[in-house]
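Input: a single structure, listed below in structure tokens.
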Amino acid sequence: MITDAERKSIATADTAAPAAPDPLCWICKTNKADSGEHKTKRSDLLAVLGEPTQEKPFFFHDVDKPNRPVGSLDAKILKSAVRICAHCNNARTQPHDRAWETMSDRLRSRRLAVGQWVRCNSVFGQYTKREMLNMHLFFLKLFGCMLVETKANGYDIPIDIDAFSTAIMSGRPHDEVHLQFGKHDGVIGRSNLHVSKTDPGGGILGAWLYELDTIAVSVLYIQAGKFEYRRDIWHPHSRTSSKRFQVADFMYSKRNEAELTGAGEAAGGQ
């Protein structure tokens, strides 16, 4: 015999909407997205900030809320809201992570000068071309996670995520993603993604900054055929700068201090 309560339970089960399927990894588009990717690489945070604890945390700032204590490098707040699968996050992209670890360590240990040219083979003693490509693919992974997250938040970003997936899966560079390496002035984290369309021409330009205390990397999406080539940005397939890169000036806070000082001196002289 079925009671009234059981009838109600059956009716509810019959009319309930089916559960949403688990999202798939945007890279392979096959496996369940169940692995978190750090916004700033864990090894970079460890090298620059050390290991935080609950008693001695460091503090996370963003546009939503300042001064949130972080007591572990595996804290959820340090990872992208968009997940990828464990295989892509580990086995598939592990060479990419290691290439950036090497580049990060070499750049932070050098006394860089703005405008200086750095030869890639001075960073990677062997297999330089392969390792520089791997480093390029590391930033594609971070960029792709940022794009998926931005689109999930309702923003219409005119950059195709499929091209990022194809590049990582095939081990080939993304033709429209370029890098700049430069000196930085103390911030650790990443900037927001800024995307614009030029007028006239309608070319798409996207940019964000990976910030790591004394160094930074500007990650640029430059729509093919819409902009003139620049020698001060790096790409694996560049005819003139694939084997070296120029140190850019990302010393924004010091520049602002100088501008404020100059403005004060000008005002005082009136």
Side-chain angles (χ1 to χ4, degrees), residues 20-42 44 60 62-64 76-90 92-97 99-100 133-181 187 189-198 202-212 216-227 233-237 250:
D22 292 328
L24 297 180
C25 172
W26 67 263
I27 296 177
C28 66
K29 302 180 183 179
T30 301
N31 300 325
K32 178 182 175 181
D34 55 4
S35 181
E37 172 67 17
H38 279 77
K39 299 174 185 178
T40 302
K41 192 159 177 21
R42 191 184 191 281
D44 282 336
F60 184 92
D62 62 13
V63 295
D64 296 324
K76 184 177 179 180
I77 197 173
L78 299 178
K79 298 181 180 181
S80 172
V82 170
R83 295 189 166 203
I84 56 181
C85 73
H87 179 72
C88 284
N89 201 18
N90 297 311
R92 191 184 307 282
T93 62
Q94 188 177 66
H96 313 160
D97 295 348
W100 167 247
L133 170 58
N134 282 336
M135 187 204 58
H136 168 87
L137 295 172
F138 166 77
F139 283 102
L140 289 191
K141 177 171 65 170
L142 298 190
F143 201 163
C145 287
M146 187 181 291
L147 282 175
V148 175
E149 181 178 349
T150 302
K151 292 183 179 184
N153 288 333
Y155 294 94
D156 183 17
I157 303 295
I159 299 177
D160 180 19
I161 189 63
D162 287 343
F164 288 74
S165 168
T166 299
I168 294 173
M169 293 294 290
S170 66
R172 297 176 180 175
H174 189 307
D175 290 340
E176 297 175 311
V177 175
H178 305 253
L179 303 176
Q180 271 187 305
F181 306 87
V187 176
R190 73 178 190 189
S191 72
N192 291 330
L193 171 63
H194 299 277
V195 179
S196 60
K197 181 179 291 188
T198 61
I204 304 300
L205 180 66
W208 59 280
L209 199 64
Y210 185 93
E211 302 161 311
L212 194 60
V217 180
S218 179
V219 187
L220 305 166
Y221 175 87
I222 303 174
Q223 188 175 9
K226 296 292 186 178
F227 300 91
I233 61 176
W234 178 87
H235 188 274
H237 283 172
F250 299 134

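Side-chain atoms are counted along with the backbone in the values below, which use heavy atoms only and exclude waters and symmetry mates. All residue numbers in this chain count up from 1 along the given sequence. Note that the structure is a prediction, hence the values are computed from the model and not measured.
What you find for T93 and C88 is that their closest heavy atoms are OG1-O, 2.6 Å. Residues F181 and M135 come closest through the heavy atom pair CZ-CE, 3.4 Å. The nearest pair of heavy atoms linking P158 to V195 is CD-CG1, 4.1 Å. Across all non-hydrogen atoms, the minimal contact from K39 to I77 is NZ-O, 3.7 Å. Of all non-hydrogen atoms in C28 and R92, the two that sit nearest each other are CB-NH2, 4.1 Å. Of all the heavy atoms in I27 and K141, the pair that sits closest is CD1-CG, 4.4 Å.
Note: F143 CZ to I168 CD1 = 12.0 Å, rounded to the nearest 0.5 Å. Here W234 contributes atom CH2 and L220 contributes atom CG; the two are 12.5 Å apart, rounded to the nearest 0.5 Å. Going from atom OG of S191 over to atom CE of M146 covers 6.5 Å, rounded to the nearest 0.5 Å. A distance of 10.0 Å separates CH2 in W208 from CG in L147, rounded to the nearest 0.5 Å. For the atom pair L140 CG and N134 CG, the distance stands at 11.0 Å (nearest 0.5 Å). In this structure, E149 CD and E37 CD are separated by 12.0 Å, a value rounded to the nearest 0.5 Å.
At most 12 heavy atoms of other shown residues, nucleotides or ligands fall within 6.0 angstrom of atom NZ in K32.
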Check the pair E211, F250 against side chain to side chain contact (heavy atoms under 4.5 Å, CB included), reporting the backbone distance first and the verdict last. CA-CA 9 Å; E211 302 161 311; F250 299 134; over 6 Å; no
Evaluate the criterion ring-ring contact (aromatic ring centres under 6.0 Å, His included) for residue pair W100 and F139; output intermediate values, then yes/no. CA-CA 9 Å; W100 167 247; F139 283 102; 5.0 Å; yes
Step-by-step side chain to side chain contact (heavy atoms under 4.5 Å, CB included) determination, I233 to L179: CA-CA 6 Å; I233 61 176; L179 303 176; over 6 Å; no
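In this structure, H235 contributes its side chain and H237 its backbone to a donor-acceptor pair below 3.5 Å. Of the possible donor and acceptor atoms, one in the side chain of R83 sits under 3.5 Å from a partner among the backbone N and O of D34. No donor-acceptor distance shorter than 3.5 angstrom exists from the side chain of H174 to the backbone of L137, with no hydrogens or angles considered. Between the side chain of E176 and the main chain of A224, a donor-acceptor pair closer than 3.5 Å is present.
L193 is not listed as a side-chain neighbour of Y221, based on a closest heavy-atom distance of 4.5 Å or more. Taking 4.5 Å as the limit, every side-chain heavy atom of T40 sits out of range of all side-chain heavy atoms of L78.
Evaluation of the side-chain hydrogen bond (donor to acceptor under 3.5 Å, both in side chains) test over residues 155-172, restricted to residues two or more places apart or in two chains, returns K29-D162.
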